[in-house]
> 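Starting off with a structure, shown below.
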Amino acid sequence: MRPQGKPGHTPSQIVPRKVIAGRDPRLKGQGPLRELAEEVPVAMVFNGSSLAVMMATPDDIQDFATGFAFSEGVVQSLDELEDYEQVAHENGIEARFWLPEDRATQLADRRRALAGPIGCGLCGIDSLSQALRKIPALPSNDLTLSANDVNDAARGLRASQPLHDRCRALHAAGFFLPGTGLVLAREDVGRHNALDKLIGAMRRQGMDPATGAIVMTSRISVDLVQKTALTGCPVLISASAPTAHGVRLAEEAGLAVAAFAKGDGFEIYSRPERFA
């Protein structure tokens with residue numbers, strides 16, 4: 001019998017905090033209230049055992065856990081996520097999934113703990129080969145984006161960051177469809193968490209990642225390239241810069257990369273044929 005948790009109170013995403021002191025001489029020790037982004041431990045639990053504990057914004061947790069399950073190779077289809085339960089504890093949140101027996105057995109064979117800070121997308125990897133895991137080449141299709149598409153994607157993501165607008169401390173990931181615009185966005189204090197939330201939301205809403213582009217606010221590093229390619233999206237756009245190895249990996253996987261996209265221009269780093 002599967003144990004049932006007792007749901008508690010889920011923490012708020014934003015916490016008001018008084019500024020104690022600052023460089024502004026007008027403060028005089030009586031600073032204003034600022035809204036600060038919250039971060040809490042989120043445990044990814046499969047069949048009763050924790051696979052990962054990540055520091056994350058306490059919002060869209062089911063999307064986060066679903067995206068993590070796909071991007072970490074725990075499951076290949078939504079049908080393999082049989083049940084979901086979210087339990088809030090005093091010191092964090094558990095996202096509990098139940099897997100079919102065959103998937104649970106495979107997971108037990110490769111189980112690893114991933115406790116680490118939000119900036120680390122490869123926590124818990126215990127070998128160099130795991131860190132630089134090979135990803136399958138993306139299937140070819142006729143998706144292309146115009147310069148206006150890329151600029152619209154960047155502007156659309158910037159307009160879809162309500163939590164960042166309040167506290168200036170969150171990353172965002174969005175999904176852009178040419179001819180339609182930005183159709184989905186998620187925010188989190190962690191860049192790879194934001195992407196996992198987006199991937200999970202896309203899976204749960206039945207969106208086809210091959211039909212559009214993922215748009216990010218953060219640098220394009222190896223972990224984000226891996227997650228984007230593994231989810232089947234052929235284009236990754238970011239407001240920030242790519243890393244050298246991120247670009248090499250993107251080239252190998254057939255992933256198009258556009259960086260420094262802030263709504264008024266961008267630079268192409270791989271697969272220029274994707275950009276008309």
Side-chain angles (χ1 to χ4, degrees), residues 12-16 32-39 56-64 66-67 71 118-119 143-221 224-225 227-228 231 233-242 246 255-269 274-276:
S12 301
Q13 308 111 316
I14 301 291
V15 176
L33 282 176
R34 297 288 190 196
E35 292 187 306
L36 305 183
E38 186 59 276
E39 53 181 332
T57 303
D59 193 20
D60 300 310
I61 299 299
Q62 187 170 359
D63 288 341
F64 182 26
T66 301
S71 66
I118 60 170
L143 177 72
T144 58
L145 279 74
S146 68
N148 284 339
D149 285 332
V150 177
N151 288 330
D152 286 347
R155 287 192 290 262
L157 185 62
R158 182 62 195 90
S160 302
Q161 297 176 249
L163 296 179
H164 176 80
D165 288 343
R166 291 171 61 183
C167 61
R168 305 294 176 183
L170 284 88
H171 287 293
F175 186 56
F176 177 85
L177 289 174
T180 301
L182 197 83
V183 295
L184 191 63
R186 291 291 183 268
E187 294 182 274
D188 197 275
V189 289
R191 56 198 171 86
H192 52 91
N193 296 348
L195 181 52
D196 275 339
K197 286 181 177 181
L198 177 71
I199 292 170
M202 290 170 63
R203 291 283 188 174
R204 296 178 64 213
Q205 295 183 33
M207 295 183 179
D208 182 359
T211 61
I214 285 177
V215 196
M216 300 285 302
T217 57
S218 67
R219 68 183 180 275
I220 300 175
S221 53
L224 299 189
V225 169
K227 288 177 182 290
T228 301
T231 202
C233 186
V235 181
L236 179 57
I237 301 167
S238 179
S240 189
L255 176 67
V257 169
F260 300 107
K262 298 184 179 180
D264 57 357
F266 55 94
E267 297 177 2
I268 298 170
Y269 283 85
R274 288 285 189 187
F275 303 97

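Scope of the values below: all heavy atoms of this structure, side chains included, with no hydrogens, waters or symmetry mates.
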> Over all heavy atoms of both residues, which pair between Leu255 and Leu236 is shortest? Give the atoms and the distance, please.
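So the two residues come closest at CD1-N, 4.0 Å.
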> Minimum heavy-atom separation for Ala258 and Ile220, please, with both atom names.
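Scanning both residues completely, I find the closest heavy atoms to be O-CD1, 4.0 Å.
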> Taking the side chain as C-beta and beyond, is there a heavy-atom pair between Val150 and Ile268 under 4.5 Å?
no
> Holding to salt bridge (charged side-chain N to carboxylate O under 4.0 Å, His left out), I want the full list of residues that pass it with Arg158, two or more places apart in sequence or in another chain.
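Only Asp165 meet the salt bridge (charged side-chain N to carboxylate O under 4.0 Å, His left out) criterion with Arg158.
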> Kindly compute the distance separating CE (Met202) from CD1 (Ile214), expressed to the nearest 0.5 Å.
5.5 Å
> Using the test side-chain hydrogen bond (donor to acceptor under 3.5 Å, both in side chains), find all partners of Ser146 that sit at least two apart in sequence or belong to another chain.
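side-chain hydrogen bond (donor to acceptor under 3.5 Å, both in side chains) check on Ser146 returns Asp149.
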> Using the test side chain to side chain contact (heavy atoms under 4.5 Å, CB included), find all partners of Ser160 that sit at least two apart in sequence or belong to another chain.
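Ser160 satisfies side chain to side chain contact (heavy atoms under 4.5 Å, CB included) with Leu182, Ala185 once adjacent residues are dropped.
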> Within the distance-only criterion (no hydrogens, no angle test), does the side chain of Thr57 pair as donor or acceptor with the backbone N or O of Asp59 below 3.5 angstrom?
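Between the backbone of Asp59 and the side chain of Thr57 there is no qualifying donor-acceptor contact (under 3.5 Å).
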> Is it true that a side-chain atom of Arg155 and a backbone atom of Gly263 form a donor plus acceptor pair closer than 3.5 Å?
yes
> Going through the checks in order, is the side chain to side chain contact (heavy atoms under 4.5 Å, CB included) test met by Glu187 and Gln13?
CA-CA 10 Å; Glu187 294 182 274; Gln13 308 111 316; over 6 Å; no
> Please give me the minimum heavy-atom distance between Ala239 and Lys262, naming the atom from each residue.
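Here Ala239 and Lys262 meet closest at O-CE, 3.2 Å.
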> Who passes side chain to side chain contact (heavy atoms under 4.5 Å, CB included) against Ala153, sequence neighbours left out?
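Ala153 satisfies side chain to side chain contact (heavy atoms under 4.5 Å, CB included) with Phe176, Val215, Ile237 only.
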> Taking all heavy atoms of Glu38 and all of Pro58, pick out the closest pair and write down the distance.
O-CD, 3.8 Å
> In the structure I gave you, are the side-chain heavy atoms of Ser221 and Arg191 within less than 4.5 Å of one another anywhere?
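The answer is yes; the side chains approach within 4.5 Å.
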> Looking only at heavy atoms, what is the nearest atom pair of Pro178 and Gly212, with distance?
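Pro178 and Gly212 have their closest heavy atoms at CD-CA, 4.2 Å.
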> Would you please name every residue forming a side-chain hydrogen bond (donor to acceptor under 3.5 Å, both in side chains) with Ser71, sequence neighbours left out?
Asp196, Lys227
> Checking Gln205 now: which residues fulfil side-chain hydrogen bond (donor to acceptor under 3.5 Å, both in side chains) with it, not counting sequence neighbours?
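With sequence neighbours excluded, Gln205 shows a side-chain hydrogen bond (donor to acceptor under 3.5 Å, both in side chains) to no residue whatsoever.
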> Looking at Pro234 and Pro209, what are the two nearest heavy atoms and their distance?
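Looking at all heavy atoms of both residues, the shortest contact is CD-O, 3.5 Å.
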> Any carboxylate oxygen within less than 4.0 angstrom of a Lys/Arg side-chain nitrogen, looking at Lys197 and Asp188?
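Yes, this pair counts.
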> My understanding is that only residues two or more places apart in sequence, or in another chain, count here; which of them pass side-chain hydrogen bond (donor to acceptor under 3.5 Å, both in side chains) with Asn151?
none
> To the nearest 0.5 angstrom, please state how far the CG atom of Leu170 sits from the CG atom of Leu163.
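Answer rounded to 0.5 Å: 5.5 Å.
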> Who passes side chain to side chain contact (heavy atoms under 4.5 Å, CB included) against Val183, sequence neighbours left out?
Phe175, Leu177, Thr180, Met207
> Leu195 versus Met216: any side-chain heavy-atom pair under 4.5 Å?
yes
> With sequence neighbours excluded, tell me which residues meet side chain to side chain contact (heavy atoms under 4.5 Å, CB included) with Ala241.
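In terms of side chain to side chain contact (heavy atoms under 4.5 Å, CB included), with neighbours along the sequence ignored, Ala241 is linked to Phe260.
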> With sequence neighbours left out, write down each residue that passes salt bridge (charged side-chain N to carboxylate O under 4.0 Å, His left out) with Arg166, or none if nothing qualifies.
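If we apply the salt bridge (charged side-chain N to carboxylate O under 4.0 Å, His left out) test to Arg166, skipping adjacent residues, the hits are Glu35.
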> For the pair Ser240 (side chain) and Thr217 (backbone), establish whether a donor and an acceptor sit closer than 3.5 Å, ignoring hydrogens and angles.
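No; zero donor-acceptor contacts below 3.5 Å.
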> Report the distance from atom CG of Asp152 to atom CG of Leu157, rounding to the nearest 0.5 Å.
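Result: 12.5 Å between the selected atoms.
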> Enumerate the residue pairs fulfilling salt bridge (Lys or Arg N to Asp or Glu O under 4.0 Å) with a member in residues 206-215, sequence neighbours excluded, ordered by first and then second residue.
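Checked against salt bridge (Lys or Arg N to Asp or Glu O under 4.0 Å) - neighbours excluded - no pair reaches residues 206-215.
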> According to salt bridge (charged side-chain N to carboxylate O under 4.0 Å, His left out), who are the partners of Arg203, at least two apart in sequence or on a separate chain?
none
> First locate atom CZ of Phe64, then atom CG of Leu198, and finally report the distance between them rounded to the nearest 0.5 Å.
13.0 Å
